[in-house]
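To start, the structure itself, in structure tokens.
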Amino acid sequence: MTNTIEQLPILNVDRISVYYGQFQAVKEVSLDVRPGEIFGLLGPNGAGKTSTLSAIEGLIKPATGQIKVVGFDIVGQPLYAKANMGVQLQATSFQPELTITDILKLYAGVYGVKLSKEEVFNRLQEIKLEDAAEKKFGQLSGGQQQRVSLLIATIHNPALVLLDEPTTGLDPQSRRQLWERIEAIRAKGHGVLLTTHSMEEAEAVCDRIAIIDHGRIIAIDTPERLISLHREDPEVISVSRKGRITLEDVFIGLTGRAVRS
Amino acid sequence: METRIPAIKDVLRTLLQADFTTVWRNRRSLRMVLLVPILILISWKGAVDKIGPAVVMASAITIGLASIGLLGYSGTIARDRDKGVFQRLRVAPVPTWTIMLSRISIQVGLIALMTLLIFIVGFAVDKISLSALGYVTGLLVTLLAGWLYLGLGQLIVALIKNPETVNSTSRLVYVAFIMIGMLGQFGAFGKAMKDIVQWSPYGVVQKALAGSLQPLSWTSDHTMALLATIGYTVVFVALGIKYFKWDNK
């Protein structure tokens, strides 16, 4: 099956709302991700990040609004939209009995990519895991697991890559290495949407970020402009700790000091 | 730029390969679902002359079906849902029904394997010999009745989210089937319980199977048991699908 796709934007989210029963988790959220852009979605726990991402991934249906991936509506043409996106979920999400080679073959297969033995080896070599081909996913370190997950998310060379908190739990070396891999994806012209709790990560790799709170996007811009725009806000100044305004100060200033469950 | 959607047959082949590997490498579970009915068949060797070869074999197969549906299938579905395996597959460009069809197809294959093993062990150890037609109809009714236990396993996973609670509930139901079903059918717990067991999912499957293994002795009781088996299956599968959630959050 084939279909011709429109080029831009890679992802267009237009005023989506998501409900769980009576509770509105996402309120008229709009954003877009352009080719060659890393877009960060930031928010406190329970702000609506994962719900927004789940709607984009087609796992939950928004009550209102529209989501298009390279022109394909995620509700109307889910298979075409999903074929153009690669996803790295937060959870481990692979069968514990399967080896890394098995997992690679499984996900290549479900994305319609045929991989020979040699190609599987080459792909694993790219992420420096050729020696782990016959290991189970659970036997890998956190950093190695994230490399495998990212490889699988990009196995079909998708236009859009969605990464849900990709560096959570990683040591600084693994995190830096993953940032480089994400930047390499951007360099190839793919669009990347990532969620993160790390302001350092958002500042380091994201071209634009959106801050979401209580289901609404409250700010959207480049990290530099967000800092510049809010450096005079009394709430931002009051939470500043180092004598200079950081993205984290802006984030806490906008979303509040209260710890979310 | 062109968007390519993988063909359904390629997706199914890939999923089947992965699901088969998962079952094959899960040796403890595989041994459990295959050995328990065989051990029952062997231990009931002395009862073949008293209650009849078809009843002995039908009881062993029924326990095997319960093992596969309640110990094997429900456990892996609950575990994989908890780990997010289904969500990971659902974000791929595959219709969701292919994910479940692949899982169920592997279980149906396991049911066929278990049945053939019981036929072989029954012949070799218990000296049970059926007509060729009996083996064929027996296998067909086993495959049909297998859906009842897969449906029951599905229903348990649909109603309970926690994988550990699914496991303990499945085991409880399984033990109840073995203890109450096997002993109750001979009146060990009184007449009332015998009647209940006869029309329970254990009793109707066992009765329909016993009839199918000796098709020339098929009676209206067997027909009723077969209809009840189909009825239970429809209810379990329908409710199991209706209430099933891909995510346990």
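Order of the sequence lines fixes the chain letters, A, B, ..., with proteins taken first and strands second; residue numbering starts at 1 for each chain. No hydrogens, no waters, no symmetry mates; every other heavy atom, side chains included, goes into these values.
Contact annotation for B:Q17: neither backbone nor side-chain heavy atoms come within less than 4.5 Å of a heavy atom of chain A. When heavy atoms are compared at a cutoff of 4.5 Å, A:S54 does not approach chain B at all. When heavy atoms are compared at a cutoff of 4.5 Å, B:D19 approaches chain A solely by way of its side chain, counted from C-beta outward.
Considering only heavy-atom pairs separated by less than 4.5 Å from chain B, the leading option among A:P96, A:G58, A:G112, A:A108 is A:P96. When the candidates A:L162, A:L106, A:V113 are compared by the number of heavy-atom contacts under 4.5 Å with chain B, A:L106 comes out ahead.
Minimum heavy-atom separation, A:Y111 to B:P6: C-CG, 4.0 Å. In terms of heavy atoms, A:V110 sits closest to B:T14 at N-CG2, 4.2 Å. Of all heavy-atom pairs spanning A:L89 and B:Q87, the tightest one is CD1-C, 3.9 Å. Considering all non-hydrogen atoms of both residues, A:Y107 and B:V85 come closest at OH-O, 4.3 Å. In terms of heavy atoms, B:R25 sits closest to A:E97 at NH1-O, 2.9 Å.
The neighbour count for A:R186 CZ, taken as heavy atoms of other residues, nucleotides or ligands under 6.0 Å away, is above 12. More than 12 heavy-atom neighbours from other residues, nucleotides or ligands sit within 6.0 angstrom of CD on A:E183. Heavy-atom neighbours of A:F121 CZ from other residues, nucleotides or ligands within 6.0 Å: above the threshold of 12.
The distance from atom CD1 of A:I103 to atom OG1 of B:T21, rounded to the nearest 0.5 Å, is 11.0 Å. Once rounded to the nearest 0.5 Å, the distance linking NZ of A:K82 with CZ of B:R90 reads 6.5 Å. Between the CG atom of B:L89 and the CZ atom of A:F94 there is a distance of 9.0 Å, given to the nearest 0.5 Å. Summarising the geometry, atom CG belonging to B:D10 is positioned 4.5 Å from atom NZ belonging to A:K114; distances are rounded to the nearest 0.5 Å.
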Derivation of the side-chain contact (heavy atoms from CB on, under 4.5 Å) call for A:Q95 and B:N26
CA-CA 11 Å; A:Q95 294 95 315; B:N26 203 341; over 6 Å; no

